[in-house]
2 protein chains.
Amino acid sequence: MNRMRIGDLTERAGVTQRTVRYYESIGLLPSGEREGNGHHYYTEETVARLQKIDQLKKVGLSLEDIRDVIELYFTDTSGVLPKRKVLGILRQHLADTDQKLEALGQFRSDLQSNIERFERWLEANDGD
Amino acid sequence: MNRMRIGDLTERAGVTQRTVRYYESIGLLPSGEREGNGHHYYTEETVARLQKIDQLKKVGLSLEDIRDVIELYFTDTSGVLPKRKVLGILRQHLADTDQKLEALGQFRSDLQSNIERFERWLEANDGD
DNA sequence: TGCAAACATGACGTTAACGTCATATTATAT
DNA sequence: ATATAATATGACGTTAACGTCATGTTTGCA
(Lines give C-alpha, C1' and ligand atoms only; values in the text may rest on other atoms or scores of the structure.)
Protein backbone atom coordinates (compact mmCIF):
# COMPACT_ATOMS: atom_id res chain seq x y z
CA MET A 1 0.00 0.00 0.00
CA ASN A 2 1.65 3.17 -1.17
CA ARG A 3 0.23 6.63 -0.92
CA MET A 4 -1.60 6.54 2.37
CA ARG A 5 -2.91 9.12 4.73
CA ILE A 6 -1.96 9.61 8.32
CA GLY A 7 -4.43 7.10 9.72
CA ASP A 8 -2.94 4.15 7.88
CA LEU A 9 0.56 5.45 8.41
CA THR A 10 0.26 5.57 12.17
CA GLU A 11 -1.39 2.18 12.31
CA ARG A 12 1.36 0.59 10.28
CA ALA A 13 4.16 2.33 12.14
CA GLY A 14 2.68 1.97 15.59
CA VAL A 15 2.85 5.63 16.52
CA THR A 16 0.27 8.31 17.12
CA GLN A 17 -0.76 11.12 14.81
CA ARG A 18 0.61 13.56 17.33
CA THR A 19 3.98 11.91 17.06
CA VAL A 20 4.01 12.14 13.29
CA ARG A 21 3.07 15.81 13.34
CA TYR A 22 5.61 16.50 16.02
CA TYR A 23 8.34 14.82 14.02
CA GLU A 24 7.32 16.83 10.98
CA SER A 25 7.41 20.01 13.00
CA ILE A 26 11.00 19.45 14.12
CA GLY A 27 12.15 18.36 10.70
CA LEU A 28 12.74 14.74 11.57
CA LEU A 29 10.17 13.52 9.13
CA PRO A 30 9.52 15.17 5.75
CA SER A 31 6.00 16.58 5.69
CA GLY A 32 3.98 14.38 3.43
CA GLU A 33 3.04 16.24 0.31
CA ARG A 34 -0.22 18.10 0.53
CA GLU A 35 -2.85 17.79 -2.11
CA GLY A 36 -5.11 20.70 -2.96
CA ASN A 37 -7.27 19.77 -0.01
CA GLY A 38 -4.65 20.16 2.66
CA HIS A 39 -4.27 16.52 3.57
CA HIS A 40 -0.85 14.94 3.80
CA TYR A 41 0.05 11.77 1.95
CA TYR A 42 2.75 9.32 2.92
CA THR A 43 4.49 6.29 1.46
CA GLU A 44 6.06 3.04 2.56
CA GLU A 45 9.28 4.89 3.12
CA THR A 46 7.64 7.01 5.75
CA VAL A 47 6.65 3.85 7.58
CA ALA A 48 10.19 2.53 7.42
CA ARG A 49 11.51 5.85 8.56
CA LEU A 50 9.28 5.90 11.60
CA GLN A 51 10.35 2.40 12.47
CA LYS A 52 13.99 3.33 12.14
CA ILE A 53 13.46 6.31 14.39
CA ASP A 54 11.93 4.00 16.94
CA GLN A 55 14.90 1.67 16.78
CA LEU A 56 17.32 4.50 17.28
CA LYS A 57 15.34 5.81 20.21
CA LYS A 58 15.74 2.44 21.88
CA VAL A 59 19.46 2.86 21.43
CA GLY A 60 19.14 5.89 23.64
CA LEU A 61 19.50 8.58 21.02
CA SER A 62 17.57 11.82 21.33
CA LEU A 63 15.46 12.98 18.43
CA GLU A 64 18.13 15.56 17.76
CA ASP A 65 20.80 12.88 17.59
CA ILE A 66 18.59 10.90 15.29
CA ARG A 67 18.20 13.84 13.00
CA ASP A 68 21.99 13.78 12.63
CA VAL A 69 22.06 10.27 11.28
CA ILE A 70 18.66 9.34 9.92
CA GLU A 71 19.46 10.58 6.43
CA LEU A 72 22.19 7.99 6.16
CA TYR A 73 19.55 5.33 6.15
CA PHE A 74 17.23 6.86 3.62
CA THR A 75 18.99 9.02 1.12
CA ASP A 76 21.67 8.55 -1.42
CA THR A 77 24.44 10.31 0.42
CA SER A 78 26.52 10.93 -2.67
CA GLY A 79 25.97 14.60 -3.15
CA VAL A 80 23.47 15.64 -0.61
CA LEU A 81 25.31 16.39 2.59
CA PRO A 82 28.39 18.34 3.58
CA LYS A 83 30.45 15.21 3.88
CA ARG A 84 33.28 16.16 6.17
CA LYS A 85 30.93 17.62 8.71
CA VAL A 86 28.78 14.53 8.69
CA LEU A 87 31.86 12.39 9.09
CA GLY A 88 32.78 14.35 12.19
CA ILE A 89 29.33 13.86 13.65
CA LEU A 90 29.44 10.16 12.91
CA ARG A 91 32.79 9.75 14.61
CA GLN A 92 31.47 11.55 17.65
CA HIS A 93 28.46 9.26 17.73
CA LEU A 94 30.75 6.28 17.42
CA ALA A 95 32.82 7.41 20.38
CA ASP A 96 29.70 8.06 22.44
CA THR A 97 28.36 4.68 21.49
CA ASP A 98 31.51 2.92 22.58
CA GLN A 99 31.32 4.66 25.94
CA LYS A 100 27.75 3.58 26.35
CA LEU A 101 28.55 0.04 25.34
CA GLU A 102 31.25 -0.19 27.94
CA ALA A 103 29.13 1.29 30.71
CA LEU A 104 26.24 -0.93 29.77
CA GLY A 105 28.44 -4.01 29.71
CA GLN A 106 29.74 -3.21 33.17
CA PHE A 107 26.24 -2.71 34.45
CA ARG A 108 25.16 -5.99 32.93
CA SER A 109 27.88 -7.87 34.71
CA ASP A 110 27.02 -6.18 37.99
CA LEU A 111 23.43 -7.21 37.55
CA GLN A 112 24.44 -10.73 36.69
CA SER A 113 26.57 -11.21 39.76
CA ASN A 114 23.92 -9.73 42.01
CA ILE A 115 21.34 -12.04 40.54
CA GLU A 116 23.56 -15.01 41.13
CA ARG A 117 24.18 -13.94 44.67
CA PHE A 118 20.45 -13.73 45.32
CA GLU A 119 19.82 -17.06 43.70
CA ARG A 120 22.40 -18.71 45.87
CA TRP A 121 20.88 -17.15 48.93
CA LEU A 122 17.39 -18.30 48.03
CA GLU A 123 18.66 -21.77 47.35
CA ALA A 124 20.43 -21.91 50.69
CA ASN A 125 17.35 -20.70 52.57
CA ASP A 126 14.76 -22.88 50.94
CA GLY A 127 12.42 -23.14 53.90
CA ASP A 128 11.57 -19.45 53.83
CA MET B 1 37.27 13.98 54.85
CA ASN B 2 34.23 12.54 56.52
CA ARG B 3 31.28 14.49 57.86
CA MET B 4 30.96 17.25 55.36
CA ARG B 5 28.21 19.68 54.45
CA ILE B 6 26.58 20.07 51.13
CA GLY B 7 29.15 22.44 49.70
CA ASP B 8 32.02 19.98 49.94
CA LEU B 9 29.80 17.11 48.95
CA THR B 10 28.74 18.67 45.69
CA GLU B 11 32.26 19.73 44.87
CA ARG B 12 33.60 16.26 45.42
CA ALA B 13 30.79 14.55 43.57
CA GLY B 14 30.55 17.01 40.72
CA VAL B 15 26.86 17.73 41.05
CA THR B 16 24.85 20.75 42.13
CA GLN B 17 23.14 21.33 45.42
CA ARG B 18 19.85 21.28 43.62
CA THR B 19 20.60 17.80 42.37
CA VAL B 20 21.39 16.55 45.85
CA ARG B 21 18.22 18.01 47.29
CA TYR B 22 16.20 16.64 44.42
CA TYR B 23 17.63 13.17 44.93
CA GLU B 24 16.85 13.40 48.61
CA SER B 25 13.32 14.49 47.83
CA ILE B 26 12.64 11.45 45.67
CA GLY B 27 14.30 9.08 48.07
CA LEU B 28 17.25 8.26 45.90
CA LEU B 29 19.70 9.63 48.40
CA PRO B 30 19.24 9.37 52.15
CA SER B 31 18.84 12.83 53.63
CA GLY B 32 22.01 13.60 55.49
CA GLU B 33 21.34 13.71 59.20
CA ARG B 34 20.38 17.10 60.52
CA GLU B 35 22.01 18.62 63.52
CA GLY B 36 20.09 20.83 65.86
CA ASN B 37 20.69 23.69 63.48
CA GLY B 38 18.95 22.22 60.49
CA HIS B 39 22.01 21.64 58.36
CA HIS B 40 22.60 18.33 56.70
CA TYR B 41 25.82 16.40 57.05
CA TYR B 42 27.14 13.82 54.61
CA THR B 43 29.92 11.25 54.44
CA GLU B 44 32.26 9.65 51.92
CA GLU B 45 29.58 7.13 51.18
CA THR B 46 27.30 9.87 49.96
CA VAL B 47 29.99 10.93 47.51
CA ALA B 48 30.37 7.37 46.25
CA ARG B 49 26.64 7.03 45.97
CA LEU B 50 26.33 10.15 43.87
CA GLN B 51 29.09 8.90 41.61
CA LYS B 52 27.39 5.55 41.22
CA ILE B 53 24.16 7.26 40.33
CA ASP B 54 25.99 9.20 37.68
CA GLN B 55 27.47 6.03 36.22
CA LEU B 56 24.09 4.39 36.07
CA LYS B 57 22.59 7.42 34.40
CA LYS B 58 25.16 7.10 31.65
CA VAL B 59 23.97 3.56 31.19
CA GLY B 60 20.63 5.05 30.29
CA LEU B 61 18.74 4.26 33.46
CA SER B 62 16.13 6.64 34.80
CA LEU B 63 16.35 7.78 38.39
CA GLU B 64 13.47 5.48 39.12
CA ASP B 65 15.34 2.53 37.64
CA ILE B 66 18.36 3.50 39.65
CA ARG B 67 16.34 3.52 42.81
CA ASP B 68 15.55 -0.12 42.10
CA VAL B 69 19.17 -1.18 42.11
CA ILE B 70 21.25 1.38 43.97
CA GLU B 71 20.85 -0.37 47.31
CA LEU B 72 22.65 -3.38 45.91
CA TYR B 73 25.79 -1.32 45.76
CA PHE B 74 25.63 0.19 49.19
CA THR B 75 23.89 -1.99 51.67
CA ASP B 76 24.38 -5.41 53.04
CA THR B 77 21.56 -7.12 51.22
CA SER B 78 21.34 -10.03 53.59
CA GLY B 79 18.26 -9.10 55.52
CA VAL B 80 17.17 -5.76 54.24
CA LEU B 81 15.09 -6.27 51.17
CA PRO B 82 12.24 -8.51 50.11
CA LYS B 83 14.53 -10.78 48.18
CA ARG B 84 12.30 -12.47 45.68
CA LYS B 85 10.84 -9.19 44.55
CA VAL B 86 14.25 -7.68 44.07
CA LEU B 87 15.34 -10.71 42.15
CA GLY B 88 12.43 -10.22 39.77
CA ILE B 89 13.35 -6.59 39.25
CA LEU B 90 16.96 -7.50 38.62
CA ARG B 91 16.03 -10.09 36.03
CA GLN B 92 13.86 -7.56 34.27
CA HIS B 93 16.71 -5.08 34.25
CA LEU B 94 18.99 -7.75 32.87
CA ALA B 95 16.62 -8.49 30.02
CA ASP B 96 16.24 -4.80 29.26
CA THR B 97 19.97 -4.39 29.33
CA ASP B 98 20.50 -7.22 26.89
CA GLN B 99 18.02 -5.62 24.52
CA LYS B 100 19.82 -2.33 24.76
CA LEU B 101 23.17 -3.95 24.23
CA GLU B 102 21.96 -5.61 21.09
CA ALA B 103 20.39 -2.47 19.68
CA LEU B 104 23.43 -0.44 20.56
CA GLY B 105 25.73 -2.97 18.95
CA GLN B 106 23.73 -2.90 15.78
CA PHE B 107 23.79 0.87 15.75
CA ARG B 108 27.52 0.85 16.28
CA SER B 109 28.09 -1.36 13.30
CA ASP B 110 25.82 0.82 11.16
CA LEU B 111 27.82 3.84 12.19
CA GLN B 112 31.06 2.09 11.47
CA SER B 113 30.11 1.08 7.96
CA ASN B 114 28.78 4.53 7.19
CA ILE B 115 32.00 6.08 8.41
CA GLU B 116 34.00 3.78 6.24
CA ARG B 117 31.87 4.60 3.27
CA PHE B 118 32.43 8.30 3.81
CA GLU B 119 36.13 7.82 4.26
CA ARG B 120 36.40 5.94 1.01
CA TRP B 121 34.46 8.66 -0.74
CA LEU B 122 36.67 11.42 0.62
CA GLU B 123 39.76 9.48 -0.33
CA ALA B 124 38.51 8.99 -3.86
CA ASN B 125 37.63 12.68 -4.26
CA ASP B 126 40.75 14.19 -2.84
CA GLY B 127 40.73 17.31 -4.95
CA ASP B 128 37.50 18.58 -3.40
C1' DT C 1 -27.55 14.47 -0.15
C1' DG C 2 -26.72 13.78 4.57
C1' DC C 3 -23.80 12.46 8.23
C1' DA C 4 -20.43 9.96 10.82
C1' DA C 5 -15.45 9.12 10.46
C1' DA C 6 -10.97 11.00 9.19
C1' DC C 7 -7.91 14.88 8.93
C1' DA C 8 -5.70 19.74 10.04
C1' DT C 9 -4.34 23.14 13.23
C1' DG C 10 -3.86 25.53 17.54
C1' DA C 11 -3.48 25.70 22.30
C1' DC C 12 -2.84 24.09 26.69
C1' DG C 13 -1.32 20.04 29.75
C1' DT C 14 2.27 16.52 31.39
C1' DT C 15 6.57 14.05 33.17
C1' DA C 16 11.50 13.89 34.27
C1' DA C 17 15.30 16.03 35.99
C1' DC C 18 16.78 19.45 37.25
C1' DG C 19 17.88 25.32 36.87
C1' DT C 20 17.12 29.73 38.83
C1' DC C 21 15.62 33.19 41.79
C1' DA C 22 14.02 34.92 46.41
C1' DT C 23 14.20 34.92 51.19
C1' DA C 24 15.47 33.56 55.73
C1' DT C 25 18.65 31.48 58.97
C1' DT C 26 23.30 29.79 60.34
C1' DA C 27 28.40 29.81 60.11
C1' DT C 28 32.73 32.01 59.72
C1' DA C 29 36.47 35.35 59.17
C1' DT C 30 38.09 39.86 60.71
C1' DA D 1 30.40 42.30 66.74
C1' DT D 2 29.47 42.47 62.14
C1' DA D 3 29.93 41.79 57.42
C1' DT D 4 30.26 37.96 54.18
C1' DA D 5 29.71 33.24 52.91
C1' DA D 6 27.20 28.94 53.28
C1' DT D 7 22.89 26.54 53.94
C1' DA D 8 17.55 25.57 53.99
C1' DT D 9 13.24 25.95 51.90
C1' DG D 10 9.78 27.38 48.63
C1' DA D 11 8.25 28.61 44.30
C1' DC D 12 8.42 29.30 39.62
C1' DG D 13 10.99 28.29 35.08
C1' DT D 14 12.88 24.97 31.45
C1' DT D 15 13.60 21.22 27.83
C1' DA D 16 12.18 17.00 25.49
C1' DA D 17 8.73 14.42 23.65
C1' DC D 18 4.83 14.02 23.26
C1' DG D 19 -0.82 13.74 25.28
C1' DT D 20 -5.25 15.75 25.21
C1' DC D 21 -8.86 18.91 24.04
C1' DA D 22 -11.33 22.02 21.01
C1' DT D 23 -12.75 23.44 16.63
C1' DG D 24 -13.19 23.47 11.81
C1' DT D 25 -12.79 21.18 7.14
C1' DT D 26 -12.79 16.83 4.13
C1' DT D 27 -13.90 12.23 2.92
C1' DG D 28 -16.41 8.18 2.37
C1' DC D 29 -20.59 5.58 2.63
C1' DA D 30 -25.80 4.73 2.88
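Protein chains get the first letters and strands the later ones, always in sequence-line order, with residue 1 at the start of each.
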What is the distance from [atom1] of [X] to [atom2] of [N], rounded to the nearest Å?
{"X": "His39(A)", "N": "dT9(C)", "atom1": "NE2", "atom2": "C1'", "answer": "12 Å"}
{"X": "Tyr41(B)", "N": "dA27(C)", "atom1": "OH", "atom2": "C1'", "answer": "8 Å"}
{"X": "Asp65(B)", "N": "dA16(C)", "atom1": "CG", "atom2": "P", "answer": "12 Å"}
{"X": "Arg5(B)", "N": "dT25(C)", "atom1": "CZ", "atom2": "P", "answer": "18 Å"}
{"X": "His40(A)", "N": "dT25(D)", "atom1": "NE2", "atom2": "P", "answer": "17 Å"}
{"X": "Gln17(B)", "N": "dG19(C)", "atom1": "CD", "atom2": "P", "answer": "11 Å"}
{"X": "Ile53(A)", "N": "dA16(D)", "atom1": "CD1", "atom2": "C1'", "answer": "15 Å"}
{"X": "Leu56(A)", "N": "dA16(D)", "atom1": "CG", "atom2": "C1'", "answer": "17 Å"}

Looking at Gln99(B), I'd like to know if its CD atom is crowded, meaning that more than 12 non-hydrogen atoms belonging to other residues, nucleotides or ligands lie closer than 6.0 Å.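 Counting neighbours around CD of Gln99(B), 12 or fewer heavy atoms of other residues, nucleotides or ligands fall under 6.0 Å, so no.
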Atom CD of residue position Glu123(A) - does it have more than 12 heavy atoms of other residues, nucleotides or ligands inside 6.0 Å?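 Counting other residues, nucleotides and ligands, CD of Glu123(A) stays at 12 neighbours or fewer.
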When you check the phosphate oxygens OP1 and OP2 of [N], does a side-chain N or O of [X] lie under 4.0 Å from one of them?
{"X": "Asn37(A)", "N": "dT27(D)", "answer": "yes"}
{"X": "Arg21(B)", "N": "dA8(D)", "answer": "yes"}
{"X": "Lys57(B)", "N": "dC18(C)", "answer": "yes"}
{"X": "Thr16(A)", "N": "dG19(D)", "answer": "yes"}

Quick test of your reading of the model: are [X] and [Y] salt-bridged, counting only N-O distances below 4.0 Å?
{"X": "Arg91(A)", "Y": "Glu119(B)", "result": "yes"}
{"X": "Glu45(A)", "Y": "Lys52(A)", "result": "no"}
{"X": "Glu102(A)", "Y": "Lys58(B)", "result": "no"}

At a heavy-atom distance below 4.0 Å, what parts of residues 22-31 of chain A sit against DNA chain D?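 Tyr22(A), Tyr23(A), in order of number.
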Side chain of Arg67(A), backbone of Ile26(A): donor and acceptor closer than 3.5 Å?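 The answer is yes, because a donor-acceptor pair under 3.5 Å joins these two groups.
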Can you say whether a donor on the side chain of Arg18(A) sits under 3.5 Å from an acceptor on the base of dT20(D), or the other way round?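 Counting by modelled atom types and ignoring angles, a donor-acceptor contact under 3.5 Å is found here.
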First encountered from the 5' end of DNA chain D, between Asp8(B) and Ser62(A):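 With Ser62(A) and Asp8(B) compared, the 5'-side residue is Asp8(B).
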Can Glu44(B) and Arg3(B) be said to form a salt bridge (charged side-chain N to carboxylate O under 4.0 Å, His left out), step by step? CA-CA 8 Å; Glu44(B) 290 295 336; Arg3(B) 191 160 199 71; over 6 Å; no
